[in-house]
Structure formats: C-alpha cells, structure tokens
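Here is the structure we will look at.
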Number of protein chains: 2
Amino acid sequence: MAGASSQVFFEGTEKLLEVWFSSDSESPDLRDVKQEEWEKLLRIVRCEIISKTSNADMDAYVLSESSMFVTKSRFILKTCGRTTLLLAVEPLIQLVKEQCGFSKVLDVFYSRKKFAKPEQQHSIHQSFDEEVSHLDKLFKRIYSVPDWYDGAAYTLGRINKDCWHLYTMDAVGVMEPDQTVELLMWEMCPDTMQIFTKKVCKDGPEATKKSGICDIIPGAQIDDFLFDPCGYSMNGLLPGGYYITIHVTPEPHCSYVSFESNVPQENYMELMEKVLNTFKPSKFLMTVFANKESIAKDNHKQLENKELVPGYTRADHQFCTFKNYNLTYSHFTRPII
Amino acid sequence: MAGASSQVFFEGTEKLLEVWFSSDSESPDLRDVKQEEWEKLLRIVRCEIISKTSNADMDAYVLSESSMFVTKSRFILKTCGRTTLLLAVEPLIQLVKEQCGFSKVLDVFYSRKKFAKPEQQHSIHQSFDEEVSHLDKLFKRIYSVPDWYDGAAYTLGRINKDCWHLYTMDAVGVMEPDQTVELLMWEMCPDTMQIFTKKVCKDGPEATKKSGICDIIPGAQIDDFLFDPCGYSMNGLLPGGYYITIHVTPEPHCSYVSFESNVPQENYMELMEKVLNTFKPSKFLMTVFANKESIAKDNHKQLENKELVPGYTRADHQFCTFKNYNLTYSHFTRPII
C-alpha cells in the first residue's frame, strides 16, 4: 500500500493478532492507553497511525500498513508488508499491565495466510515455525507457571500450496459471544483493482463508493484512505463493538484484498457473496471463527456444502473444534475457462 | 522392535504409504511381482520380510520393521524405526510398470505422526517439508504432463505439540469403497507392554492371546511375531481384501503401539474401545479415512462428539473434506490423576 509502486512487489498478506485481556482489578479499559503509547508500540511493528475513529465501544485506527482496533478488553492489530508484528506482543502485554492494570491474557489468536515471498520478511516472520517458537518462548517466560498455558499452532490447507497458519492459546477464557469472518482474496479482477489507484479515484471515499464497498455492510461509520499511487484501507464501525475492515493491494502482479469482520450472523453467505461480487478474486480462502456463545456457532454446517459459492470450485475444506471455538477453513478457486 | 534393547531409543512411529495403481492393459495384478523383487525393494527401505500370509484377495507380509500388504491394484507399506520408505516410491512405480504393466498411479497416501526424534532419521525423513519436496519433485518428474497432478500436503493437529502429516494426490481415482482407521498410541500402560517381551511370552501367538489382540477382530487369519528381546508385529487377514495390523514398541521410555485396519464399519466406536482397552495408552490419535463409496462415509458425524471416549479428554478434533475422501483426526489424552 503506502509507497508501493507498480513495479515493486508488495506483500499484501497481513499478520493478524487478536488478544483478549482480563484483570483482577475493577474494570480496566484498553482505551485508556494514550495515543502516543500506541504510536510507540507501532514503531516497533514498523507502521504508524493515519487516522482514528471511535464510537461508544471501540477505537479504530487506519494504519500505514492496515488497521488496529481497541475495545475495553480486546486488542486487534492487523499489519501487512514487511511489518514486524510479533515483536510487539511482549511490549503490548507490558503496556496494558502498566497503563490499565490488565494482569492476564485470556486468549491469543495470531494468524496469517502463507506469504507470497516469505524471504522478504524480517527473520521472525520468515516461517511459521519461527513465529510459533517466538510465541511459545515468550508466553513461557512471561508466565512463570506454565501449567495453564497451552499454546497451540495449526496449519490449515495445503502446506505445499496455499495455506493459513494459526496460533492460539486454545483457552476457555473468552466467555462473551465472539465470531470473526475473514475472506483473503488474491489474483484479483484487474479492472476492479484500478478503482484503488489515484489514477481513477481522488480519495478513499470516492473509492469506497465506486467499488461498492459502501454497500457491503450499510450503516457502518466508515474511515477510508486511498494511498498514493495506489492501495486502499478502510475501517467500518458498528454499534456494539462490531467492525469491518478491508485492505486492498491493487498492483496486478501481487494483487490481494482482505475482508474481516466480527459482525455476528447465523449465516455468512449473503455477506460473502457481496464481498466476492465487489472484488471478483480468482482465488480466496475463508475462515470463520465462532465460540459457543455466538449465534454463528453452527455456521460451519451451512459451510459444509461443496457448491457453496457459485462460479468457484472448492479445493480444500477443513473444520476444527477448539475448547471454546469452532473454526471453518475453505479454499476456493475460479476454474480457468 | 527388532534389535531394540531397553536402553536404546526406538522410533516406533511408522511411515505409511498406500498407492493405488491402474492400467490400460487387461487386469494386471500386483501379486504377480515375485517375492525376490519385493525383497530388493525393501532393501532400499532398509527392512526385510519375516513372514508372509495370503488369502484370495491379499498378500500380507510381516517385516523386520512393520508390514506390507499387496492386493490386485493397491500397495501398502508401513515401516518404523529409521527406515527410508520414501526412497522406494520411484522404484516401486517402475517395478509395477515393468512387471505388471501398471502405467498409472490412481492415488497416493503418505502419512505419519510427528517423530519423537526426527534428528535420528535419514535426511529425507527429518522433516515433513523434506518429504513433501521429495514427493512433489518425484511425481512432477515421472509424469511429464503435470496438469492432472495435484499433490496436496497437510498437517493435522498441533504442529508445536503432537501432529500428523499427510501427503495425497487428492485424486478422484479410487472409485471402489475404501476406508482406513488408524489408532496411534503412546505413553502406554507398562504392565500391558510387558506382555510384548520375551520375558513374559515365548512367541507371537502367546502374546496375541495374552494381550487380547486375538479378540479385537475375531476370525482374522493372524500372522504374529514377537521380537527378541521385545517388540511385536501382527497382520490379520479377512476375506474381501480387509486387514488389520498392529505393531508394538514396548520399551517404557519410548512405548508406542499402532493399530490400522481397512475393515468397513458404519461406526468404529466398538472397535476403538476394544483397541484402547487392550493397550491402555495415556495418549492417542485417531484418523478415519473414508471415500464417498464407503459405508463409513458418515462416520465423522459420530466422531464429532467431544465425550466420545470415556476416560479421555479430546485435545484436538479436525475434519477435512477431500475430492473423494473424508478424513477425521482426533487427539485424546488421559487426564493425569
């Protein structure tokens, strides 16, 4: 996105970290952390804040490389390019302990699609094994009694083709309804991708409207940004701590779009179709996470259908049961005609 | 098994290869391959034939390191220790082409649990990435038109704890009913393991009877072998091309037992319970493969139940849909009291 020219490879694939915190003290709030402290943390990750929007439940930040979301006790950081997200995990835990009194990590989810060019990443992110080793060591060091700690690392999909990695504490910590749906798309429709360049649109709002992103989840409070010469990021806020976030890497040789939301739905099909119709990827993978408290908890049953997405062939489909979450992973491709 | 003393580590965990062949010529038969040719092939793997049993549908071999099964068009080789199974794949394909006229590989399944000590393996088997790379290169080289070839590699379970690897062509080649259930067990009951030593039993048949293995699938034609000083292998043949095979590494510091069968059942619970009651592992993983033609194809629905196995806690549960097969992976542990 930022600074990416049409000749240079850009790794659109994001690293995604979600951490849930708890405390013995009375109602601490992650949103009490000052913006300058977040800026310090993001310097470690090698990105910076472009803009901020808030509602009663959440602060949302558009970053130079993707997005950050902060609610009372949940922190989400999603960063693309060559950012060094995992270097920020320990400083984050220290920061929210010192500033808010959060003494415990309830659960952690770190995930990403396989990078297109892993060799261009910082050493900590060059392989999932490295990332897992870093997180395992970190949590064992921080929590001197490792009995409760049970970091679990998974790879879904084909490790020799496209796949998606996940590290979680697999805890029963998060007891409120929670769900996350992601669509990671690549080999995008070149015509659609043109919208996300300064040649075609003057700014974020124009790209949001022209692309149809504004119609995906109507009513969201949108913060959008169009990079120069190309690239697009948006956060959409909804009441109740719900968000959507979309990031576009439009360059034809490395086109990539991600869609993520925690909007609770019993059935994500309509939402998925809207996203796919907006971006028209040749390939995409979908992950749906839902815990037992979520109305999306039985969503995986609908997702079992092989002919789920008209016009696409399903190459892989996996379903995982964790202690408190269900996860569905599916990989689709559009047959070459 | 063979030659393993109580002080030396032995890798009980097997490498398991299953290959289905087809041909344009008229009904070739893998069982036409002469035993001396199999012996040559097994020399590449670094193991040898101990004994052979046959019925109308299948030849079954007990090996110095596990087992081999040959039917008309399916070849199964399961080898433990430091054997070099993957070195035999290309010679196998050449052998059955030259000797029987099999011109095509219909499907391949290569699988194994994560090794306890991967560093003790031959370089080709030290990591799953190495194994995948070997198979990908091999199939691309053999079949000059790689369009139909789609080797798919998966890791199920926790890559930083216990997990299980699978490489398959994910073809729609095998059109007859097919199913395979495996129970891989470790941290075994030491008292039960004593049965599989020369101290307690004089030979295979005595160990088969004393352990209760004879009652797991009654009526099987059993070929069993007790190694000196300890270790046990058995093949059981049933009409119709069905087999069971059990291998025991009884040494307390590296105890491991595998059970495998292709007996078709709508529900594998009773069979599983028999196996678990026979061996009493502290930990085990279960895999159930069934294609769409199999009566076991809906087995995964029964296996979804978290409280499936009394006395055990399920740590992981994953379900995968391939082109023609369903696969369930579950990992259980007995809580420490």
Side-chain angles (χ1 to χ4, degrees), chain A residues 110 114 118 127-137 139-140 147 149-170 292 298 300-301 303-308 313-331 333 336, chain B residues 110 114 118 127-137 139-140 147 149-170 292 298 300-301 303-308 313-331 333 336:
Chain A
Y110 171 71
K114 190 180 190 172
S127 78
F128 186 52
D129 283 346
E130 285 291 330
E131 295 173 322
V132 170
S133 167
H134 176 82
L135 289 167
D136 271 346
K137 280 182 202 155
F139 287 114
K140 272 175 192 153
D147 278 10
Y149 173 67
D150 203 19
Y154 302 88
T155 295
L156 303 186
R158 305 184 178 195
I159 66 168
N160 57 340
K161 303 266 162 68
D162 295 316
C163 61
W164 181 82
H165 305 295
L166 170 70
Y167 184 96
T168 174
M169 274 167 42
D170 191 21
K292 293 184 178 59
D298 290 324
H300 61 276
K301 289 175 188 166
L303 301 175
E304 274 174 20
N305 176 11
K306 201 181 162 182
E307 314 291 338
L308 194 70
T313 303
R314 192 172 75 187
D316 274 308
H317 182 68
Q318 288 177 270
F319 173 68
C320 304
T321 308
F322 300 116
K323 281 202 195 82
N324 198 33
Y325 282 84
N326 285 330
L327 167 66
T328 303
Y329 167 97
S330 291
H331 179 287
T333 58
I336 299 152
Chain B
Y110 171 71
K114 189 179 189 173
S127 78
F128 186 53
D129 283 346
E130 285 291 329
E131 294 173 322
V132 170
S133 167
H134 176 81
L135 288 169
D136 270 347
K137 280 181 203 156
F139 286 114
K140 271 174 194 156
D147 277 9
Y149 173 67
D150 202 18
Y154 302 89
T155 295
L156 303 186
R158 304 182 179 197
I159 66 168
N160 57 341
K161 304 266 161 67
D162 295 316
C163 61
W164 182 81
H165 305 294
L166 170 71
Y167 184 97
T168 173
M169 274 165 44
D170 190 22
K292 293 185 176 61
D298 289 324
H300 60 277
K301 290 176 187 164
L303 301 175
E304 275 174 19
N305 176 12
K306 200 181 163 183
E307 314 291 338
L308 192 71
T313 303
R314 191 172 75 186
D316 275 308
H317 182 68
Q318 288 177 268
F319 173 67
C320 303
T321 308
F322 300 116
K323 281 202 195 83
N324 198 32
Y325 282 84
N326 286 330
L327 167 66
T328 304
Y329 167 95
S330 292
H331 179 288
T333 58
I336 298 152

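Within every chain, numbering begins at 1; the chains are lettered A, B, ... in the order of the sequence lines, protein sequences first and strands thereafter.
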Inset, instruction - Under 4.5 Å, counting heavy-atom pairs only, tell me which of A/Phe128, A/Phe322, A/Phe319 racks up the most with chain B. - result: A/Phe319
Legend entry - Taking every non-hydrogen atom, the tightest pair across B/Gly151 and A/Lys161: O-NZ, 2.8 Å
Legend entry - Note, A/Asp129 side chain near B/Ile159 side chain (heavy atom, < 4.5 Å): yes
Inset, instruction - Could you grab the distance from atom CG of B/Asp316 to atom SG of A/Cys320, nearest 0.5 Å is fine? - result: 8.0 Å
Inset, instruction - Could you tell me which portion of A/Leu156 (side chain, backbone, both or neither) has an atom closer than 4.5 angstrom to a non-hydrogen atom of chain B? - result: side chain
Inset, instruction - Grab the two heavy atoms, one from B/Lys323 and one from A/Lys306, that are nearest each other, plus how far apart they are. - result: O-NZ, 4.3 Å
Legend entry - Within 6.0 angstrom of A/Lys292 NZ, more than 12 heavy atoms from elsewhere: yes
Inset, instruction - Flag the pair B/Gln318 / A/Thr321 as yes when at least one side-chain heavy-atom distance between them is below 4.5 Å, and no otherwise. - result: no
Inset, instruction - Please identify each residue that fulfils side chain to side chain donor-acceptor pair (under 3.5 Å) with A/Thr155, with sequence neighbours left out. - result: A/His165
Inset, instruction - Check whether any side-chain heavy atom of A/Arg158 lies under 4.5 Å from a side-chain heavy atom of B/Asp170, and answer yes or no. - result: yes
